[in-house]
Amino acid sequence: MRLDNTFISEIILRCLKRKKEIKASHLFNRFKINQFAYYNKIVYINNELCYLSGCKLKSRNGKLDFLILISFNQPEKAQQNYAQRWQIEMCFKAMKSSGFDIENTHLKEILRIEKIILLVMIAFVWCYKIGIYLHHRKPILIKNHGRKAKSIFKYGLNFLARYLLNSQNKADIEIYQFLSCT
C-alpha cells in the first residue's frame with residue numbers, strides 16, 4: 001500500500017519493543033531525496049503488524065513529499081514489488097484514459113469486450129516495446145523532480161501515432177518488427 005502525503009502526517013505507528021508512537025515520515029526524513037530505505041522492525045499501524053519502506057521525494061511543485069510503502073513481509077523487496085505493481089497500474093491507465101480510452105466504447109457484449117481488450121493489449125505492448133527501443137536510443141528527459149517527462153508507453157505511442165498518421169513519415173526503424181515474437 002502506498003501512502004499519500006496527506007495521510008503520512010496523520011499516520012502514527014507504534015513500535016513493538018519501545019512502545020513509542022512516532023510519525024511514519026520521521027523514519028525516512030534523515031535520508032536524501034530519492035534514497036529508498038526500509039525500516040527493518042515490525043510496527044503497528046491501526047493495530048495491524050506491518051513493515052514500512054519509503055523515501056523522501058520532491059513533489060512536482062518542489063515541496064517535500066514522502067513515499068511510504070506498507071508491506072506485510074519482505075520490506076527489502078517493497079520497492080521492487082511496488083515498481084512492478086506500478087507498471088500494471090500504468091497499463092490500466094493507458095487502457096482507460098491515457099491512450100486508448102477503452103471505456104468510451106460502451107460495449108456490452110462479453111465477446112466484443114474480449115476482442116477489444118485483446119487488440120488494445122497488443123497495441124499497448126507494441127507501443128511499450130517501441131518506447132523501450134526509443135528510450136535506449138534517446139533517453140526520456142528526467143525532470144527536476146527526478147521523474148521522467150513522459151512514460152515509456154507514451155513515448156512509444158506518440159512515435160507510433162506520428163508514424164501511422166503521416167504517410168510521408170519515414171522512420172529509421174521498422175515499427176512492425178516489434179509485433180514479431182522472433
Side-chain angles (χ1 to χ4, degrees), residues 1-105 107-108 110 113-114 116-118 120-121 124-125 127-129 131-132 135 140 142-157:
M1 173 191 304
R2 177 185 175 175
L3 295 177
D4 181 304
N5 201 29
T6 55
F7 293 110
I8 290 172
S9 61
E10 300 170 15
I11 296 294
I12 304 294
L13 57 98
R14 195 174 34 158
C15 299
L16 285 178
K17 290 189 178 179
R18 290 192 244 160
K19 305 216 189 282
K20 175 176 144 182
E21 292 188 351
I22 58 173
K23 288 183 178 180
S25 59
H26 284 73
L27 296 175
F28 306 100
N29 202 25
R30 64 186 163 105
F31 294 102
K32 295 177 185 172
I33 290 178
N34 294 329
Q35 180 183 358
F36 198 86
Y38 65 92
Y39 189 65
N40 60 359
K41 296 179 181 160
I42 298 174
V43 296
Y44 277 108
I45 295 182
N46 294 337
N47 294 323
E48 292 289 332
L49 290 171
C50 56
Y51 293 97
L52 294 178
S53 307
C55 67
K56 191 172 13 176
L57 300 170
K58 198 185 264 188
S59 68
R60 294 182 195 277
N61 59 9
K63 292 184 180 179
L64 190 63
D65 202 356
F66 289 90
L67 167 67
I68 307 271
L69 304 177
I70 299 172
S71 58
F72 297 104
N73 57 19
Q74 300 177 319
E76 66 280 357
K77 291 186 177 181
Q79 184 181 21
Q80 177 185 351
N81 293 341
Y82 181 71
Q84 289 174 343
R85 182 181 170 275
W86 191 248
Q87 289 295 322
I88 295 167
E89 292 294 329
M90 291 297 96
C91 175
F92 288 140
K93 181 180 178 186
M95 287 177 64
K96 292 172 76 175
S97 61
S98 178
F100 298 112
D101 209 11
I102 200 168
E103 290 180 335
N104 276 341
T105 63
L107 293 175
K108 303 280 188 230
I110 291 294
I113 293 170
E114 286 175 356
I116 193 86
I117 288 176
L118 177 64
V120 166
M121 290 310 303
F124 175 82
V125 171
C127 293
Y128 201 84
K129 288 178 80 173
I132 290 169
H135 180 62
I140 299 169
I142 304 295
K143 297 265 197 142
N144 290 338
H145 49 62
R147 293 186 290 272
K148 291 181 181 115
K150 58 185 154 195
S151 70
I152 297 280
F153 162 75
K154 205 65 157 175
Y155 199 14
L157 176 66

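As a basis for the values below, the full set of heavy atoms in this structure was taken, side chains included, without hydrogen atoms, waters or symmetry mates.
The pair Glu89-Arg85 meets the salt-bridge criterion, with a side-chain N (NZ, NE, NH1 or NH2) lying under 4.0 Å from an Asp/Glu carboxylate O.
A side chain to side chain contact (heavy atoms under 4.5 Å, CB included) with Cys50 holds for exactly one of Ile42, Val43, Asn73; it is Val43.
With values rounded to the nearest 0.5 angstrom, Gln79 atom CD is found 12.0 Å from Ser71 atom OG. A distance of 7.5 Å separates NZ in Lys93 from OG in Ser151, rounded to the nearest 0.5 Å. Considering CG of Leu67 and NZ of Lys56, their distance stands at 13.5 Å, rounded to 0.5 Å. Interatomic distance, Gln74 CD to Tyr51 OH, rounded to the nearest 0.5 Å: 9.5 Å. Note that CD1 of Ile102 and CE of Met121 are 9.0 Å apart. Values are rounded to the nearest 0.5 Å. Put simply, CD on Gln35 and CG on Leu57 are 12.0 Å apart, with the number rounded to the nearest 0.5 Å.
For Tyr38, the OH atom is loosely surrounded, since the number of other residues' heavy atoms within 6.0 Å does not exceed 12. Phe31 CZ: more than 12 foreign heavy atoms inside a 6.0 Å radius.
Phe66 has its side chain out of reach of Cys55: every pair of non-hydrogen atoms, C-beta onward, lies at least 4.5 Å apart. Between Leu69 and Leu52, every side-chain heavy-atom pair lies at or beyond the 4.5 Å cut-off.
The heavy-atom pair separating Ile68 from Phe28 by the smallest distance is CD1-CD1, 3.4 Å.
Legend: residues meeting side-chain contact (heavy atoms from CB on, under 4.5 Å) with Ile132, ordered by chain and number and at least two apart, are Tyr128, His136, Ile152.
No close placement of the Phe100 and Phe124 rings is indicated, their centers lying 6.0 Å or farther apart.
Ring planes of Tyr155 and His135: perpendicular class, angle over 60° (limits at 30 and 60°).
In this structure, the side chain of Lys148 does not engage the main chain of Ile140 through any donor-acceptor pair within 3.5 Å.
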